[in-house]
Amino acid sequence: MSTSVWLQLFFICLVGAMSPGPSLAVVGANAISKGRLNGISTGIGHGLGITLWAFLTAVGIAKIIIETNIVLILAQSLGASFLLYLGIRTLIEKTDLPTFHKNKNPISSHLISRAAGEGFLISLLNPKIALFFLAIFSHFVKPNSEWSEIAAMGIMAGIIDAVWYSFIAIIVSNSGMIPFIKIHESLINRVIGGFFIFVSFYLFITLTINLL
């Protein structure tokens, strides 16, 4: 592909990553409640999920998923259920917001792994991402595209997404915001948890209406 086409793909992927939604809320929630490193891990995990969707679109699997009704319904149900789980967990789980000191950040390999897994799943179980890549990203894949080119496109999409959400995690976990967040921790948890639950019910209702 020409340089201009690569630039078009770059900006399309960037705009897609910047679009607000559940992914942004998950990254922000982990960055605030579990620390900057966990927020960044969530962003990286989300980027890996985006890379996978890009590859699936490139080889035509995403189109099969969209056109196969039962597979799409299953994916939507899993995505809504996962958001419901995150919402309930956020409401009932007591969080201990970290206090950041110079060269001393709280690190837990278990939390980091879980955060990365949540980021990966929230992107993987979101059918809208499949629709996004099918509608836009697939236009850049030609029948004669080489595998090296397809791989580069998928990796670029994932890197853009991971870098954007890692940037978001760094911003919201800024040490200057921690005292304010600590004071309003309960309210923040209720808002975030309620948002996840609201979105999950909205997805379930939409799915039910579409099935009727």
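Quick caveat: nothing in here was measured; it's all calculated off a predicted structure.
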Cluster check Val5, Leu7: I/L/V/M/F/W/Y, side chain < 4.5 angstrom: no
Side-chain donor/acceptor of Asn30 to backbone N/O of Thr42, under 3.5 Å: no
Cluster overlap Leu207 with Ile209, hydrophobic side-chain contacts below 4.5 Å: no
List, one per line, each side-chain donor-acceptor pair under 3.5 Å for residues 155-167, sequence neighbours excluded.
{"residue": "Asp161", "atom": "OD1", "partner": "His46", "partner atom": "ND1", "Å": "3.4"}
{"residue": "Asp161", "atom": "OD2", "partner": "His46", "partner atom": "ND1", "Å": "2.5"}
{"residue": "Asp161", "atom": "OD2", "partner": "Gly47", "partner atom": "N", "Å": "3.4"}
{"residue": "Trp164", "atom": "NE1", "partner": "Ala17", "partner atom": "O", "Å": "3.4"}
{"residue": "Tyr165", "atom": "OH", "partner": "Ala17", "partner atom": "O", "Å": "3.2"}
{"residue": "Ser166", "atom": "OG", "partner": "Ala162", "partner atom": "O", "Å": "2.7"}

Under the side chain to side chain contact (heavy atoms under 4.5 Å, CB included) test, residues paired with Ile170 that sit two or more places apart: Arg36, Ile40
Pairs touching residues 194-207 that satisfy side chain to side chain donor-acceptor pair (under 3.5 Å), sequence neighbours left out: none
Closest non-hydrogen atom pair between Gly39 and Val27, with its separation: O-CG1, 3.8 Å
Side chain to side chain contact (heavy atoms under 4.5 Å, CB included) partners for Leu187, two or more places apart: Arg190, Val191
Ser123 to Gly49 - nearest heavy-atom pair and separation: OG-CA, 3.2 Å
Between CD1 on residue Ile168 and CG on residue Leu24, distance to nearest 0.5 Å: 5.5 Å
Contact summary for Gly194 and Leu91, nearest pair of heavy atoms: N-CD2, 4.3 Å
Atom pair CD (Glu118) and OG (Ser41), whose distance is rounded to the nearest 0.5 Å: 11.0 Å
Heavy-atom side-chain proximity of Trp6 to Met153 below 4.5 angstrom: yes
side-chain hydrogen bond (donor to acceptor under 3.5 Å, both in side chains) against Thr3, all qualifying residues, sequence neighbours excluded: none
Validation row: Ile44, Phe120 side chains within 4.5 angstrom (heavy atoms): no
Cluster overlap Phe198 with Leu125, hydrophobic side-chain contacts below 4.5 Å: yes
Ignoring hydrogens and angles, write down the donor-acceptor pairs under 3.5 Å from the side chains of residues 77-86, residues two or more places apart or on other chains.
{"residue": "Ser77", "atom": "OG", "partner": "Ile73", "partner atom": "O", "Å": "2.9"}
{"residue": "Ser81", "atom": "OG", "partner": "Ser77", "partner atom": "O", "Å": "2.8"}

